[in-house]
Q: 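Encoded as structure tokens, here's the structure I'll be asking about.
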Amino acid sequence: MTDIGPFLNLLGKSRRMVALTGAGVSTLSGIPDFRSSDGLFSEKYGSLDVETIVSINFFNKHPDIFYSWARDYWFRMETFEPNVIHKTLARLEKMGKLTEGIFTQNVDFLHKKAGSRKVYPLHGTLERGYCTNCNAYYEYEYMRSFVERGEVPVCSSCSSVVKPDIVFYGENLDSTMLRRAESAFSYADLVLVLGSSLVVNPAASLPYLSIRAGSDIVIVNRDSTYLDKYAQLRYEDLGSFFTSLSDALDDEALTR
């Protein structure tokens with residue numbers, strides 16, 4: 001078990017907490033990350049780099065190849081379940097501690113599946129898609145029904161390609177989402193950075209806004225980050241940390 005006593009002290013004092021979650025949070029549920037030694041970027045799809053396949057220019061030209069690749073990675077989300085991290089964050093929100101919500105770099109919807117309400121997907125979500133021509137929205141299940149048949153999802157109205165509502169390489173983050181994030185991280189008094197190595201901007205720069213505002217930063221991540229030297233607390237093992245935290249939340253004193 002992890003000694004989280006120092007963290008519990010920060011948690012008890014906090015009135016405005018926010019979390020940034022990255023791929024490391026969902027790997028405990030079995031979803032592969034991108035950048036680790038055995039992540040998706042370490043593999044090829046035929047002769048193609050995965051980083052190429054998830055770029056917007058490539059998708060626009062070859063949606064069939066993207067969906068063929070994504071069938072085994074992103075279109076079986078219904079088979080994954082929230083882990084102790086997702087569940088504990090949902091519990092913190094319900095307790096009134098995670099007031100500013102979760103800003104996630106993940107495109108899965110496990111935070112919502114765990115019961116969190118204030119979830120802001122910085123890089124979009126596979127929960128829905130939209131027509132690239134008429135902008136009609138479609139749910140994950142609609143897209144998955146095509147992908148499972150080895151087909152490209154198309155709009156039921158105009159037959160144009162349906163794109164997952166995720167931010168591909170070469171696309172900008174939603175400006176409204178980004179402004180919301182910047183406001184939350186500037187306002188929070190306690191920031192959790194979870195399972196992110198903080199290498200993909202602009203999400204990676206959000207905790208720095210908190211540092212400039214004098215907030216407490218807690219980083220839980222296997223690999224080092226550029227903000228480690230600013231963190232009040234630094235842990236490596238997400239599973240151990242959140243198992244210990246989940247147990248500690250049974251102490252009713254933390255809810256006061």
Side-chain angles (χ1 to χ4, degrees), residues 4 6-27 33-35 85-86 88-112 114 116-125 165-236 238 241-242 245:
I4 61 167
F7 172 73
L8 294 178
N9 291 333
L10 293 179
L11 180 63
K13 295 185 297 182
S14 173
R15 295 295 177 265
R16 304 183 304 277
M17 183 166 69
V18 69
L20 174 68
T21 65
V25 166
S26 291
T27 55
D33 64 9
F34 277 96
R35 298 178 182 278
I85 307 169
H86 301 104
T88 305
L89 290 174
R91 189 175 175 187
L92 285 168
E93 181 187 296
K94 189 174 182 179
M95 291 169 58
K97 301 302 293 184
L98 192 54
T99 58
E100 309 310 303
I102 301 167
F103 290 83
T104 183
Q105 296 174 277
N106 300 331
V107 298
D108 59 60
F109 30 92
L110 292 182
H111 283 302
K112 291 184 68 175
S116 291
R117 295 177 178 271
K118 296 180 180 180
V119 181
Y120 308 105
L122 292 165
H123 295 164
T125 175
D165 192 16
I166 59 178
V167 181
F168 282 65
Y169 283 107
E171 292 187 298
N172 294 322
L173 269 64
D174 178 82
S175 58
T176 301
M177 178 80 71
L178 187 57
R179 285 195 298 272
R180 181 193 291 269
E182 290 171 344
S183 176
F185 279 82
S186 297
Y187 178 68
D189 59 17
L190 177 59
V191 178
L192 306 183
V193 178
L194 309 171
S196 175
S197 294
L198 299 178
V199 295
V200 178
N201 281 310
S205 64
L206 292 173
Y208 188 69
L209 298 176
S210 306
I211 291 170
R212 293 178 61 184
S215 308
D216 291 326
I217 309 293
V218 177
I219 298 175
V220 190
N221 191 61
R222 181 186 64 185
D223 302 320
S224 61
T225 81
Y226 81 102
L227 290 181
D228 284 357
K229 61 184 178 182
Y230 299 104
Q232 272 65 39
L233 298 172
R234 174 73 165 84
Y235 301 89
E236 293 185 356
L238 277 160
F241 177 87
F242 273 90
L245 178 56

Q: Might you point out which heavy atoms bring Thr99 and Lys118 nearest each other, and give the distance in Å?
A: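 Looks like O-NZ, 2.8 Å.
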Q: Under the ring pair (Phe, Tyr, Trp, His ring centres under 6.0 Å) rule, collect the residues that match up with Phe7, sequence neighbours excluded.
A: Phe241
Q: Checking Thr21 against His111: is there a side-chain donor and acceptor pair closer than 3.5 Å?
A: yes
Q: When you look at Arg234 and Glu236, which way does the side-chain contact (heavy atoms from CB on, under 4.5 Å) test go after all the steps?
A: CA-CA 7 Å; Arg234 174 73 165 84; Glu236 293 185 356; 3.9 Å; yes
Q: Would Phe103 and Phe185 count as a close aromatic pair, with their ring centres under 6.0 Å?
A: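 Yes, the ring centres sit under 6.0 Å apart.
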Q: Is the side chain of Thr27 donor-acceptor paired with the backbone N or O of Gly24 at a distance under 3.5 Å, no angle test?
A: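 Yes, Thr27 side chain to Gly24 backbone: donor-acceptor pair under 3.5 Å.
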Q: With side-chain hydrogen bond (donor to acceptor under 3.5 Å, both in side chains) as the rule and sequence neighbours excluded, what pairs involving residues 184-197 come up?
A: Ser14-Asp189, Gln105-Ser196, Ser197-Asn221
Q: Heavy atoms only: give me the nearest Ala90-Ser116 pair and the separation to one decimal.
A: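 Nearest heavy atoms, Ala90 then Ser116: CA-OG, 3.3 Å.
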Q: Quick one, Leu245 and Leu92 - any side-chain contact, counting heavy atoms below 4.5 Å?
A: yes
Q: Contact between Val218 and Val191 at the side-chain level, heavy atoms closer than 4.5 Å - yes or no?
A: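 Not touching, per the 4.5 Å side-chain cut-off.
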Q: Can you tell me if Thr225 uses its side chain to pair, donor with acceptor, with the backbone of Leu227 under 3.5 Å?
A: yes
Q: Looking at side-chain heavy atoms only, is the closest gap between His123 and Ile166 below 4.5 Å?
A: no
Q: Could you give the distance from OG1 (Thr88) to CE (Met95), rounded to the nearest 0.5 Å?
A: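 Nearest 0.5 Å value for the OG1-CE distance: 10.5 Å.
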Q: When you look at CZ of Arg180, are more than 12 heavy atoms from neighbouring residues, nucleotides or ligands closer to it than 6.0 Å?
A: no
Q: For the pair Asn106 (side chain) and Asp108 (backbone), establish whether a donor and an acceptor sit closer than 3.5 Å, ignoring hydrogens and angles.
A: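 No, the answer is negative, given that no donor and acceptor are paired below the 3.5 Å cut-off.
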Q: So, the side chain of Tyr235 versus the backbone of Ile4: is there a donor-acceptor pair under 3.5 Å, distance only?
A: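 Pair absent, no side-chain N/O of Tyr235 close to backbone of Ile4.
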Q: Is a side-chain N or O of Ser205 found less than 3.5 angstrom from the main chain of Pro202, in a donor-acceptor match?
A: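 Between the backbone of Pro202 and the side chain of Ser205 there is a qualifying donor-acceptor contact (under 3.5 Å).
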Q: Evaluate the side-chain proximity of Lys97 to Arg15: yes if any heavy-atom separation is below 4.5 Å, no if none is.
A: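 With C-beta onward as the side chain, the pair touches.
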Q: Is any side-chain heavy atom of Glu100 closer than 4.5 Å to one of Ser183?
A: no
Q: What pair of heavy atoms forms the shortest contact from Gly101 to Val18, and how long is it?
A: O-CG2, 3.5 Å
Q: So, does Asp174 use its side chain to make a donor-acceptor pair with the main chain of Thr176 at under 3.5 Å?
A: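 Pair found, side chain donor or acceptor close to backbone of Thr176.
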Q: So which heavy atom on Leu20 is nearest to which on Ala203, and how close?
A: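 Closest approach of Leu20 to Ala203: CD2-O, 3.8 Å.
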Q: Is there a donor-acceptor pair closer than 3.5 Å between any side-chain N or O of Asp216 and the backbone N or O of Leu190?
A: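 Looks like no, no N/O pair under 3.5 Å.
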Q: A side-chain contact here means heavy atoms from C-beta on lying under 4.5 Å apart; do Leu233 and Leu10 qualify?
A: yes
Q: Between Ser215 and Ser210, do the side chains contain an N or O donor and an N or O acceptor separated by less than 3.5 Å?
A: no
Q: To the nearest 0.5 Å, what is the distance between CD1 (Ile211) and CD (Gln232)?
A: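 These two atoms lie 8.0 Å from each other.
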Q: Take atom CZ in Phe168; do more than 12 heavy atoms of anything else shown fall under 6.0 Å from it?
A: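 Atom CZ in Phe168 is packed in, count exceeds 12.
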Q: Can you check whether Leu194 reaches Leu89 side chain to side chain, under 4.5 Å on heavy atoms?
A: yes
Q: Please examine the side chains of Leu122 and Leu206, heavy atoms only from C-beta on, and report whether any two atoms are closer than 4.5 Å.
A: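 Contact flag for Leu206/Leu122 side chains = yes.
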Q: Taking all atoms of both residues into account, what is the closest heavy-atom pair of Leu238 and Gly195, and its distance?
A: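 Shortest heavy-atom contact: CD1-CA, 3.7 Å.
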